[in-house]
Number of protein chains: 4
Amino acid sequence: MTRTGGRIDKRQAILDAAFAVFARAGFDAANVQEIADAAGVAKPTVYNHFQDKDTLFRAALAAAAEQVAAANLAAVARIAPDGDPRRSLTRAARALARRCCDEQSRALRTLTYAQLGRFPELLTDVHAVTAGRLADALADRLARLVVGGQLRHCDPAVVAEQFLALLTGPLERRSQLGTRRLPAAEIDAVADNAAETIVRTFA
Amino acid sequence: MTRTGGRIDKRQAILDAAFAVFARAGFDAANVQEIADAAGVAKPTVYNHFQDKDTLFRAALAAAAEQVAAANLAAVARIAPDGDPRRSLTRAARALARRCCDEQSRALRTLTYAQLGRFPELLTDVHAVTAGRLADALADRLARLVVGGQLRHCDPAVVAEQFLALLTGPLERRSQLGTRRLPAAEIDAVADNAAETIVRTFA
Amino acid sequence: MTRTGGRIDKRQAILDAAFAVFARAGFDAANVQEIADAAGVAKPTVYNHFQDKDTLFRAALAAAAEQVAAANLAAVARIAPDGDPRRSLTRAARALARRCCDEQSRALRTLTYAQLGRFPELLTDVHAVTAGRLADALADRLARLVVGGQLRHCDPAVVAEQFLALLTGPLERRSQLGTRRLPAAEIDAVADNAAETIVRTFA
Amino acid sequence: MTRTGGRIDKRQAILDAAFAVFARAGFDAANVQEIADAAGVAKPTVYNHFQDKDTLFRAALAAAAEQVAAANLAAVARIAPDGDPRRSLTRAARALARRCCDEQSRALRTLTYAQLGRFPELLTDVHAVTAGRLADALADRLARLVVGGQLRHCDPAVVAEQFLALLTGPLERRSQLGTRRLPAAEIDAVADNAAETIVRTFA
DNA sequence: TATGAATGAGCTTTCATTCAT
DNA sequence: AATGAATGAAAGCTCATTCAT
């Protein structure tokens, strides 16, 4: 009963395949036939769903950005609104840090950087989806901690921003813009440091 | 006395043209004919000098890296081995910061990042030429300042690294990986801050 | 009572849309999707009614030929079988001449000429429907004029043929094979001349 | 010693092949690969010489028009400036009429008509080269006949125009716009009639 | 050495046509 | 009967690269 056709299925399959192929080969070297093959559809089907290669690229990155954003938000959601903030924040920091360094996030950043010339708006757009929403959600959670008395009075937006900066800054630097894969222990260490600093300063 | 036909001249013209075209269009969009035109030679001449487009790309980036490196070293050379270290270091910092943000340096970084997939070794190579030598030379000068008593005892290599990190980190972040052009005042401010921090800490 | 879904309606809508699109774009440049859109149906519906694009083309031209033929016959029918032949023939000549120069007739001829290579039989077929029937009907009417004594004795078929030649020949030449739109006055003048010649010769 | 390369050779070969293929298949159905094959070159060579298919089409028709024009002029050149005008004109008329009905001339007209929609300027351009020059040259010769006393005083331009009209008009009509091939005898008859009419009227 | 000319390979895109519902 | 979705096939065009002079 599992129809393997279905317009939505194919669209999603194409988006996934496109992101994978683009991530592996880059925008120019990736060819549409390869994407179609990877998606298990014919080439014109790709063009039935997306006007051209450019549009497909943007859509694939947007979809990936959504997935990354969702994962990030899930990590934030796991910060308990009560209970020990150190544990919560550390756990969230580790989850975020790992997500930051996984294949998808790295590919998303790499592709965005590499195509800055051709798709200048991507940097902003992707950032808005991934980082913007994340900062907002994090600020929300922090606000509850403040209200609950676990965090001392502060501007949650500012603290959220700093928290994220403490995470991503070192990760980007150490991984050389996502070029090098970091060992899990190092990722956790960065996360722990970030959480520790925030807790010390604001708890 | 400048023969305009000399082999060396042509080679250099091709390298310059290649870098310019690559910088403007990116590796894939740039085509060899355009480079040949910009260099004022015929297309096969390009291939007489460079095996293929990849080789040309690497050579063009290497040449640009050399030029950037030379400029950077010149800035370092202007640090007086004696005299007021604050003035010296501030001047050097400004010179370096400006060089960091000029067209050539930005293009060099942009191209390197964008082609990480296809030319993975470029990041290391370019970095070695531009940043590595620079750090070395800077450490050398700092050592003389230490020896001369203008700087307190320290490991010059470490201080040099930190000095450069204080320069490039903020510049990269503020310019969004070289995407946005920074106003001169902001560049100088970053440079001044970096110098100030170093001087305060180590003078 | 005009159901807008009826099979016949759709078939006719498709034929009309097809002719319009073919007329505008030519056979090759016209695409079936565009025709379907113009007809307000889905593409497969077009294929439910017509085997393929070729068949559709032939059918669309045949339908247009029928319409042109009907209009031509109507013009001929208005020749009074009695009364002043000069007035009758002049009026009929003008009506025919105008019809000859309208969008539909011109498009029909243009398409037929342009696709002589791919659809060689069209020239004959279309001609039979438009010109053949017309000549016949005209000959019939002329015969009645002869019988009624308004025209002197002659072979009505020959006179009909000459009448039409006197109309279409100059119109084709002046309009450069239907390329240029003629002013109404010029069309009328050609018609008047044709009628005058016939009347002078045979009345 | 017969190099089969040579830029000019190839260009001409491409033009010839293009005209042949276009003549056989029409503009849309003809594909560039086929033309390249027929010319014995690779596809990109076609594009090295002509920007795109449109340009190639125009160039091929222009070249054919030149050839047709040259042949026509040659026929006119054979009108003796003295001697019996009836013989001269009849001979020229036959030569022109035959040329008018040969493959190349017919294909040139057919292609021009068929692509009026896409290349509206071709009709005028081709006509200027083939008919315009011809009428001029013919008028020149007729003028000499007038001066020599073989033709009575008249406007040579007018007579030339009428002469050509008497040739091409019937030929176009009888061959159904070049669709049907006429027997040689019929062609000659048309030519003879045209010459006879001119001679009777103006000799 | 430098070049005008040529080419093999490949890519994006389009379109007539057909399934499956 | 009508349609949303999918596809096979092909075409125009570009480009890195190489002959042959």
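The chains referred to below are lettered A, B, ... by the order of the sequence lines, with proteins before strands, and numbering in each begins at 1. Because only heavy atoms are used, hydrogens play no part in the values below, and waters and symmetry mates are left out as well, while side chains stay in.
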Where [X] and [Y] come nearest, the two heavy atoms and their spacing:
X: Val46(D); Y: Ile14(D); answer: CA-CD1, 4.0 Å
X: Gly178(A); Y: Arg106(A); answer: O-NE, 3.0 Å
X: Asp28(A); Y: Gln115(A); answer: OD2-NE2, 4.1 Å
X: Ala39(D); Y: Ala13(D); answer: CB-O, 3.7 Å

Nearest-nucleotide pick for Lys10(C), side chain only, options being dT7(E), dT7(F), dT3(F):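 Closest of the options to the side chain of Lys10(C): dT3(F).
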Strand contacts (DNA chain E) in residues 24-36 of chain A, 4.0 angstrom heavy-atom criterion: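 Per residue number, the list reads Ala30(A), Asn31(A), Val32(A).
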Enumerate, atom names and distances included, each donor-acceptor pair closer than 3.5 Å involving a side-chain atom of residues 63-70 of chain A, sequence neighbours excluded.
from, atom 1, to, atom 2, distance (Å)
Glu66(A), OE1, Arg133(A), NH1, 3.0
Glu66(A), OE2, Arg133(A), NH2, 3.0
Gln67(A), OE1, Gln104(A), NE2, 2.6

Those residues that, when tested against Phe27(D), pass ring-ring contact (aromatic ring centres under 6.0 Å, His included) (two or more places apart): Phe22(D), Phe57(D), Phe119(D)
Intra- and inter-strand pairs of DNA chain F in dot-bracket (Watson-Crick or G-U wobble, both distances under 3.5 Å; | for another strand): .||||||||||||||||||||
Option passing side-chain contact (heavy atoms from CB on, under 4.5 Å) with Val126(C) (candidates Thr124(C), Leu123(C), Thr130(C)): Thr130(C)
side-chain contact (heavy atoms from CB on, under 4.5 Å) partner of Val21(C), the single match among Asp37(C), Val32(C), Ile35(C): Ile35(C)
Evaluation steps, side-chain contact (heavy atoms from CB on, under 4.5 Å), between Thr110(C) and Leu116(D): CA-CA 9 Å; Thr110(C) 301; Leu116(D) 266 178; 5.8 Å; no
Gap between atoms CZ and C1', on Arg11(A) and dA6(F) respectively (whole Å):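 Answer to the nearest Å: 15 Å.
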Salt bridge (Lys or Arg N to Asp or Glu O under 4.0 Å) contacts touching residues 44-61 of chain C (sequence neighbours left out):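 Those involving residues 44-61 of chain C are Arg58(C)-Glu121(C).
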Residue whose nearest DNA chain F nucleotide is more 5′ - Gly40(C) or Ala42(A):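 It is Gly40(C), whose closest nucleotide lies nearer the 5' terminus.
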Positions of residues 43-60 of chain D (non-hydrogen atom under 4.0 Å from DNA chain F), listed by number: Lys43(D), Pro44(D), Tyr47(D), Asp52(D), Lys53(D)
